Amino acid sequence: MQHRVHAVVRRRAALHTLRCFMSLKDRKRFEPSEVEPRIVQRWLDSGLFHPDPEGTAQENFSIAIPPPNVTGALHMGHALNGSIQDTLIRYHRQRGRRSKWILGTDHAGIATQTQVEKRLKEQGTSREEIGRPAFIDRTWEWREEFGGTIIEQFKRLGASLDYEEERFTLDERYVEAVLKVFVDLYNKGWIYRDNYMVNWDPGSGSAISDLEVEEREAHDTLFHIAYPLTDGSGEVVVATVRPETMLADVAVAVHPDDERYQHLIGQTVTLPLVGRELPIIADEYVKTDFGTGCLKITPGHDPNDFEIGRRHGLPELSAIGEDGRMTDLVPRYAGLTVAEAQEAVVADLDAEHRIRARDPYTHTVPFSHRSGQRIEPLISLQWFMKMDELAAPAIQVVRDGRVRIHPESQSRRYVDWLENIRPWCISRQLWWGHQIPVWYRGDETYVGTEPPEGDGWTRDPDVLDTWFSSALWPFATLGWPADTPELRAFYPTDVLSTARDILFLWVARMVMMGLEFTGEVPFEDVYVHSVIQAPDGRRMSKSLGTGIDPLTLIDGGPRPPVFTQGGTFPSYGTDGVRFGLLAMASTQDVRFSEEKVAQGQALANKLFNATRFVLLNVQDGAAPAPAAGPEAPVEDRWILSRLASAKADFAARIDTFDFSKAALGLYDFVYGELCDWYLELIKGREFDAALSGHLLHVVRETLVLAHPVIPFVTEELWENVPGTEGLLAAYVEGPGDGPGRDEAAERDVARVIATVQAVRSWRDAGGVKPGAFLRARLDGLDGLEPLVSRLARLTPVDDGAAEPVAVIPVAGAEVFLLEGVDPAEAAAKIEAARRTLLAEIQRADAKLSNPGFVDKAPAPVVEAERAKLERLRAELEALE
RNA sequence: GGGCGCGUAGCUCAGUGGGAGAGCGCUCGCUUCACACGCGAGAGGUCGCAGGUUCGAAACCCGCCGCGCCCA
């Protein structure tokens, strides 16, 4: 396999080189749009992204992508998480680990069904009209039409996903896994059917789980309603924002310690409009300072009342049905919508003079995360999953570090949530999804992965919560429950990268299911990445119009309205966007920064040109070979040392999921060391065989280093660097490649840099033309004079008698400028420098004469301070 | 109501006990033989406010002000 792949790659590469190499010298800029499509194609053709299922999960590296909604489109979150995961995958592939990034999409029950229903409505029909089988067909068609979009977009991102094995949560084998899990948990008694309070979403006509509910602020009227005591001795006043639910009231509750009402406990009131007699009960839940301190109890339509009702054994009545209309509990209101009923109830109460007050009231109420409609809490017959037994081991694996959550702070949220977990409502009144494998016939119930024998059975019409199937993602995608080679090679996976908002919804559930069904944690590291907000600090969202399309950043196009400056994005290219997003990655939310994307684009272009410079100058036939040994030029040893340092830093940052520093560190190396200094330092040298080989080596290593972050430009350049073979994406680093740090070279070149910067500053202050060479005497540079004089544009002279116009003391050396600076100007600058030095000396002196500091500060700190003082004094002396 | 986090240069963010940093923006200079998406030199900050701990605080502790998120 490996052989075949390489052969194919080599053939293509050869063809490609012919086409492109000639033109590289004329390409002053890296043009992503021209380069990216063919590079993606080469990667895909190579088969590199589809590793054979060999070896063990310990040796291999794998990540399961959080499955995007099948009909979704790439948004900023996908692009960020895609960049993160691809960087990890490419990095570990370079380390020689067989790496698989598992690809697939989610059927996304409610979201997809809603879209298809919307289309049906446009066509003048509905799902009810065409029936369930036809609706399912239409939804599959919809998936055929739009399902490929996001996959293609991931390709554009350079994501090295295994496109050859694309999974879907409704694939036949995946469905088998889902049904098996349901049946197994049912047989364990952990899945059960019950009448229970659920979050009813009128928008989707289905129950939804607690996690799919969001609280929003609402402005309502708080009605104070008088309920007369049955014995006629008075009344109690209850406060409610939902007077229509009073029709299902079963009690009035007061706090047991509330002295105002203690005498009433045990008495009854008569429910207005209905005439039912309601007991007055005592419950600690009631807040004495809210409203009148009397609470109407409606177990059928309020979660808290439901709990109170169960505590007190109260009946559960339903005034509102699943259709969002009033039931015939009170026939007068039957069939009205909730809003109509509220109006009617209030009018009727008014007629009876029962309303004592109306106050404006602002509070938070539940809304459906999916449909955006206000949740109607009601009691419904649903399937639930018991979570306690599943949660305990999932807490344990995080506590004992078998699953590590990054950043650490998120572990606590995870544990807290699992410790307080409640039963999970898993049935949904939808058609698109995994239909619950339960059949009924009369009083009989059958649960199984295959339909029951015999006639007269009807299947439960509900489907499972989408997250039920997602919870199996890391192993069901690899063929579980069958014992497949894929499962053996890639499960458990290594990293799960995701945003904070689905830590409970998805991550915790995968851990629970993974432990229960495979006996192993589904991944070892969970990276919880930042959420990128719009530039104005608001959430990025389509409905707010604050979204930014990653592809518009890549290709260029009009800036969305959140950018107040308007105009258009330039084409930043995929490398720029990937770099920018990684640079924005953090442990907390960040605002989108176009500057970071631009920085990435600049880096790609810089690397392109640096490589071009090298290729334009090296000897023909040169092959990469580092200049080794102490006799090699100091700058050559220096760049190898800096390269080793950059590699070590990059590795450490990837290993600790610090993507921002990994990316920015790369930038600093390429700009701040390779280009600003090293390439400038060698410009005066002859490009002989040794230097050519060395340069090719440095370029090659830099491309390897940068590849996981900016894969396109590095792949493009790799192909043009002599001595490279095959794809950079397939390149595996040998163990301990290259030399390590060289302290002496680092020290020497640091002196060169400091000296050059000091001289440049003087030149600039003196108004010297940048191109002009100034005569100067250099002292104490220990053989580094040629490097300094070239970069600082000095002509060294040996004339000890010449009177300098300025003396620049720096880094233990002195530069005597013999011309170029006006003596008055020089005097002023020297005076300024003197003052700065004196101030610093004073500071250090004060510190060292403070007994507290000398006695209590650690010895190395005191020592460093002494050395500093000495250095400063020497510089001052040189100045005078 | 409970919890978590944030406030550092004009903007976006690093910096978690020992001389305030980066990118962008800004100023000045430069067609220096890879790159003007470039190069060089600069300006710019009582590190939200007020106490405390310490020889020493942007960092640690307490309080306040402002902002965000999660849970109930």
Side-chain angles (χ1 to χ4, degrees), chain A residues 24-25 27-31 210-211 214-215 287 303-304 364 407 409-410 412-413 416-417 420 500-501 503-504 530-533 535 537-539 565 570-573 576 579-580 583-617 658 660-661 663-665 667-668 671-672 675-676 679-680 683 756-773 790-793 839-840 843-844 846-858 860-862 864-865 868-869 872:
Chain A
L24 187 69
K25 294 178 181 179
R27 290 156 67 190
K28 284 189 158 192
R29 274 187 205 173
F30 176 60
E31 297 286 356
D210 295 342
L211 289 172
E214 66 183 41
E215 299 290 324
K287 297 184 194 75
N304 294 311
T364 59
S409 58
Q410 295 295 323
R412 202 175 135 189
R413 278 185 67 222
D416 282 353
W417 184 74
N420 296 301
R500 212 178 29 228
D501 54 346
L503 188 63
F504 308 146
S530 45
V531 172
I532 298 182
Q533 297 165 333
R538 284 186 292 168
R539 209 163 49 85
Q565 75 269 39
S571 163
Y572 284 117
F579 177 95
M584 282 177 242
S586 162
T587 54
Q588 64 178 61
D589 293 352
V590 291
R591 294 188 185 199
F592 179 80
S593 161
E594 185 178 342
E595 291 79 12
K596 288 282 190 290
V597 175
Q599 198 181 347
Q601 182 204 23
L603 174 63
N605 189 57
K606 192 75 171 171
L607 196 53
F608 181 83
N609 275 294
T611 305
R612 201 163 71 93
F613 169 72
V614 167
L615 296 182
L616 285 169
N617 284 290
D658 193 348
S660 163
K661 290 219 192 63
L664 294 172
Y667 179 94
D668 288 340
Y671 263 81
C675 294
D676 286 353
L679 293 183
E680 296 304 320
K683 272 182 182 171
V756 169
Q757 284 177 328
V759 174
R760 280 174 178 167
S761 177
W762 276 81
R763 295 173 56 112
D764 200 66
V768 180
K769 284 274 175 205
F773 280 80
R790 190 157 30 69
L791 289 197
R793 299 203 164 233
E840 286 187 37
R843 234 184 82 98
K847 217 168 172 181
L848 284 166
S849 35
N850 175 354
F853 176 72
V854 182
D855 294 347
K856 296 189 179 173
V861 173
V862 178
E865 199 66 28
K868 185 173 87 181
L869 183 59
L872 291 170

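Predicted, not measured: the structure shown is a model, and the values here were computed from it. Letters go in sequence order (proteins before strands), and every chain restarts at 1.
- Closest non-hydrogen pair, A/L679 versus A/V614, comes out as CD2-CG2, 4.3 Å.
- Of the side-chain N and O atoms in A/R413, none sit less than 4.0 angstrom from OP1 or OP2 of B/rC4.
- Between A/D589 atom CG and B/rU12 atom P the separation is 14 Å, expressed in whole Å.
- In this entry the distance linking CG of A/L679 with P of B/rG40 reads 12 Å, nearest Å.
- Between the CZ atom of A/F30 and the P atom of B/rC35 there is a distance of 17 Å, given to the nearest Å.
- Note on residues 590-608 of chain A: pairs passing salt bridge (charged side-chain N to carboxylate O under 4.0 Å, His left out), not counting sequence neighbours, are A/R559-A/E594.
- Using C1' as the reference atom, B/rG38 and B/rC33 are 14 Å apart when rounded to the nearest Å.
- Separating the P atom of B/rC24 from that of B/rC65 is a span of 39 Å, rounded to the nearest Å.
- Here the closest heavy-atom approach between residue A/F30 and residue A/N605 is recorded as N-OD1, 3.1 Å.
- Nucleotide B/rA50 has no partner under the Watson-Crick or G-U criteria, as no pair reaches both atom distances under 3.5 Å.
- When both distances must be under 3.5 Å, the Watson-Crick or G-U wobble mate of B/rA59 does not exist.
- Nucleotide B/rC37 holds its P atom 15 Å from the CZ atom of A/F608, rounded to whole Å.
- Comparing B/rA20 with B/rA59, their C1' atoms sit 12 Å apart, to the nearest whole Å.
- Within the nucleic acid shown, A/V531 has no heavy atom closer than 4.0 Å to any nucleic acid atom.
- Scanning for side chain to side chain donor-acceptor pair (under 3.5 Å) contacts around A/K661 gives A/D658, with sequence neighbours left out.
- Residue-to-nucleotide proximity on RNA chain B shows that, of A/A765 and A/T611, the 5′-proximal contact is made by A/T611.
- Proximity of A/R412 to the phosphate of B/rC4: a side-chain N or O atom is located under 4.0 Å from OP1 or OP2.
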Below 3.5 Å is the cut-off: list the nitrogen or oxygen pairs between protein and nucleotides 21-31 of chain B, distance only.
unit_1, atom_1, unit_2, atom_2, d
B/rG23, O2', A/Q599, OE1, 3.2

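- Looking at heavy-atom distances under 4.0 Å, A/R612 makes contact with sugar-phosphate atoms alone, never a base.
- Of the candidate nucleotides B/rC35, B/rC55, B/rC71, B/rC55 has the atom nearest to the side chain of A/N850.
- Contact annotation for A/S586: backbone-only contact, meaning every heavy-atom pair under 4.0 Å involves sugar-phosphate atoms and none involves a base.
- Residues satisfying the ring pair (Phe, Tyr, Trp, His ring centres under 6.0 Å) criterion with A/F853, sequence neighbours excluded, are absent altogether.
- For A/V590, the side-chain atoms get nearest to B/rC13 when compared with the rest of B/rG40, B/rC13, B/rC35.
- Counting to the nearest Å, the P atom of B/rG68 and the CZ atom of A/R500 are 14 Å from each other.
- Base pairing annotation: B/rC35 forms no Watson-Crick or G-U wobble pair, as no partner gives both donor-acceptor distances under 3.5 Å.
- For B/rC67, the paired nucleotide is B/rG5, the pair qualifying as Watson-Crick or G-U wobble because both relevant distances are below 3.5 Å.
- With P as the reference atom, B/rU32 and B/rC39 are 14 Å apart, rounded to whole Å.
- For a distance-only test at 3.5 Å, the side chain of A/K606 qualifies as a donor-acceptor partner of the base of B/rC35.
- Distances from the side chain of A/K661 to the nucleotides B/rG42, B/rA14, B/rA34 place B/rA14 closest.
- The side chain to side chain donor-acceptor pair (under 3.5 Å) test applied to A/S586 returns no partner, not counting sequence neighbours.
- Residue contacts shown for A/D676 are limited to sugar-phosphate atoms, with no base heavy atom under 4.0 Å away.
- The gap from the C1' atom of B/rC49 to that of B/rC6 amounts to 16 Å, rounded to the nearest Å.
- In A/K683, the NZ atom is crowded: over 12 heavy atoms of neighbouring residues, nucleotides or ligands sit closer than 6.0 Å.
- Under the 3.5 Å distance criterion, with hydrogens and angles disregarded, a donor-acceptor pair is assigned to the side chains of A/Q410 and A/R413.
- Within the nucleic acid shown, A/S409 has no heavy atom closer than 4.0 Å to any nucleic acid atom.
- Rounding to whole angstrom units, CD of residue A/Q410 and P of B/rC4 are separated by 12 Å.
- Using a 4.0 Å cut-off, no side-chain N or O of A/K28 falls inside it from OP1 or OP2 of B/rG38.
- Relative to the side chain of A/Q533, the nucleotides B/rG68, B/rC35, B/rA41 differ in distance, and B/rG68 lies closest.
- Remark: A/Q533 engages no residue in a side chain to side chain donor-acceptor pair (under 3.5 Å) (not counting sequence neighbours).
- The side chain of A/Y671 approaches B/rG38 more closely than any other nucleotide in the set B/rA14, B/rG38, B/rC37.
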I'd like a list of close polar pairs between nucleotides 16-19 of chain B and the protein, N/O only, cut-off under 3.5 Å.
unit_1, atom_1, unit_2, atom_2, d
B/rG19, O6, A/R871, NH2, 3.3
B/rG19, N1, A/E840, OE1, 3.4
B/rG19, N2, A/E840, OE1, 2.1
B/rG19, N3, A/K868, NZ, 3.2

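- For A/Y671, the ring pair (Phe, Tyr, Trp, His ring centres under 6.0 Å) partners at least two apart in sequence or on another chain are A/Y667.
- Per the geometry, CG belonging to A/N420 stands 16 Å off P belonging to B/rG2, to the nearest Å.
- Atom CG in A/D416 sits about 13 Å away from atom C1' in B/rA72, given to the nearest Å.
- A salt bridge links A/E865 to A/K868: at least one charged side-chain nitrogen sits closer than 4.0 Å to a carboxylate oxygen.
- For A/S530, there are no side chain to side chain donor-acceptor pair (under 3.5 Å) partners, not counting sequence neighbours.
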